[in-house]
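Just below is one structure, and these are the notes that go with it.
Just so you know, these numbers come straight off a predicted model, no measurement behind them. Naming: A, B, ... by sequence-line order, numbering from 1 per chain. Note: hydrogens, waters and symmetry copies are ignored here, and every other heavy atom, side chains too, is used.
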Amino acid sequence: MSASEERLRGLLARGLSGDGAAYHAFLADLTAHLRAFFRKRLDRIPDEVEDLVQETLIAVHNQRHTYDPGQPLTAWMHAIAKYKLIDFLRRRARTDALTDPLDDELEVFAASDADAAEARRDLAKLLADLPDRQRMPIVHVKIEGLSVAETAQLTGMSESAVKVGVHRGLKALAAKIRGNA
Amino acid sequence: MNTDDLVKLLATGAGPADTGAPARRYAAATTLGVAGAAALMLALLGLNPELARYTSLPMFWVKLAFPALLVVAGLAAASRLARPGASLARVPGALAAPAIAIWVLAGIALVNAAPGERVRLLLGSTWTVCPFNIAMLSIPAFVAILWAMKGLAPTRLRLAGAGAGLLAGALGALVYTLHCPELAAPFLGVWYVLGMLIPAVLGAIVGPRVLRW
């Protein structure tokens with residue numbers, strides 16, 4: 001990640017101050033880095049990589065205000081990716097009901113090879129399960145690209161309720177992912 | 001939904017990030033914690049009736065400064081523990097410094113005291129209740145600070161829980177100084193420290209479960 005630190009850092013700085021195009025470029029670049037990071041560490045269960053990439057992207061987005069511009073971006077990103085990887089492995093160990101200690105991560109993977117073909121989580125489905133006050137703002141603002149004001153008019157919600165809905169909806173989505181995996 | 005669509009979704013209409021949020025959360029949690037501790041202290045323990053006289057004693061201010069410095073160090077620690085990848089290099093030193101200072105004062109007091117006096121300097125008249133009162137007063141801050149932290153991004157959950165607990169303990173101890181009749185440094189160095197460590201240990205225990213995000 002270090003080679004592109006400067007570039008990514010510039011994009012994120014602009015993104016954090018409201019430049020949507022820069023933020024999009026940052027997330028797109030980050031996606032490739034995350035995919036490589038997780039693929040290398042989850043080589044026994046490649047089918048899970050994309051789920052974890054998506055979960056981490058949502059986490060990065062939701063917690064983007066914890067990045068301090070004076071701090072190396074690599075350190076911030078690496079800490080988040082590592083945290084999400086460990087959290088994922090713990091959850092997985094629990095749902096597989098294996099009693100082996102976590103140090104045997106690779107053993108856990110070998111033992112659960114059959115699960116590798118299980119259907120990938122569909123974010124659109126999780127999104128559909130959100131309550132209307134969160135789902136509608138996300139659909140209109142984040143998917144259809146309407147402004148907050150337009151969404152407020154369309155749904156009859158107040159503008160601040162739309163903003164809160166987007167924010168809480170993405171948090172709820174992240175929570176659903178953690179609960180479902 | 002494929003990942004490209006998700007990236008687009010996240011970026012669309014994202015707007016500027018709320019970079020002031022971490023500071024605001026901790027400010028709110030600290031205020032709530034102190035207010036809660038003060039309410040508990042006034043309702044259950046009461047102000048020290050001799051408080052007015054105490055304010056003219058230098059040792060009273062030392063007793064106040066000890067947890068106050070730990071609050072400052074604890075806030076710095078808590079905000080770092082909630083930022084992924086933030087350096088923690090200076091945190092142990094900042095947290096240890098007030099404790100070491102009070103132990104040095106305690107050592108001096110014990111060396112200078114007559115042998116028969118030393119036990120009284122260590123135990124005072126309230127050692128049996130002091131740590132538990134501090135832990136009790138730290139409950140509101142404990143809840144508030146864990147809440148503040150959970151909304152950020154702690155990645156070392158046990159350590160973050162311990163840090164949150166220690167900060168809560170320091171806030172509880174700070175308010176407790178307004179009730180507590182003790183003034184001896186050896187007393188502070190043992191029982192105040194123990195009182196603050198109770199929520200710190202609890203925080204380390206519940207952190208991994210409570211702080212997940």
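Only the backbone of B:P154 comes within contact range of chain A, with heavy atoms under 4.5 Å apart. Heavy atoms of B:R212 lying under 4.5 Å from chain A belong to its backbone as well as its side chain. Proximity to chain B is absent for every atom of A:F26, based on heavy atoms less than 4.5 angstrom apart. Interface residue A:D68: backbone and side-chain heavy atoms are both found under 4.5 Å from chain B. Of the two parts of A:K84, only the side chain, counted from C-beta on, holds a non-hydrogen atom closer than 4.5 Å to a non-hydrogen atom of chain B.
Note that the CH2 atom of B:W213 and the OG1 atom of A:T66 stand 7.0 Å from one another [nearest 0.5 Å]. In this structure, B:L6 CG and A:E50 CD are separated by 9.5 Å, a value rounded to the nearest 0.5 Å. Between the CD atom of A:Q63 and the OG1 atom of B:T155 there is a distance of 11.5 Å, given to the nearest 0.5 Å. The line from CG of A:L27 to OG1 of B:T3 is 11.5 Å long, rounded to the nearest 0.5 Å.
Ranked by heavy-atom pairs under 4.5 Å with chain B, the first of A:K142, A:K171, A:Q71, A:H65 is A:K142. Interface summary for chain B: among A:V166, A:T31, A:D87, the most heavy-atom pairs under 4.5 angstrom belong to A:D87. Per-residue counts of heavy-atom pairs under 4.5 Å with chain A were compared for B:D4, B:L157, B:D5; the largest is that of B:L157. Between chain B and the residues A:S147, A:A75, A:P69, the largest count of heavy-atom pairs under 4.5 Å involves A:A75.
Listed here is the closest heavy atom pair of B:N2 and A:Q54: C-NE2, 3.6 Å. Here the shortest heavy-atom pairing between B:M1 and A:L127 reads CE-CD2, 4.3 Å.
Although no hydrogens or angles enter the test, the distance criterion places no donor-acceptor pair under 3.5 Å between the side chain of A:Y83 and the main chain of B:A153.
Heavy-atom proximity under 4.5 angstrom to chain B picks out A:G15, A:L16, A:S17, A:G18 from residues 11-19 of chain A. Residues of residues 7-31 of chain B that come within less than 4.5 angstrom of chain A, heavy atom to heavy atom, are B:V7, B:K8, B:L9, B:L10, B:A11, B:T12, B:G13, B:A14, B:G15, B:P16, B:A17, B:D18, B:T19, B:A21, B:P22 in numerical order.
The number of heavy atoms from other shown groups lying within 6.0 Å of CD (A:E144) is above 12. Counted within 6.0 Å of NE2 on A:H24, heavy atoms from surrounding residues, nucleotides or ligands total more than 12; the atom is thus considered enclosed. Crowding of A:R9 atom CZ: a count of heavy atoms from other residues, nucleotides or ligands under 6.0 Å exceeding 12.
B:R83 has its side chain out of reach of A:W76: every pair of non-hydrogen atoms, C-beta onward, lies at least 4.5 Å apart.
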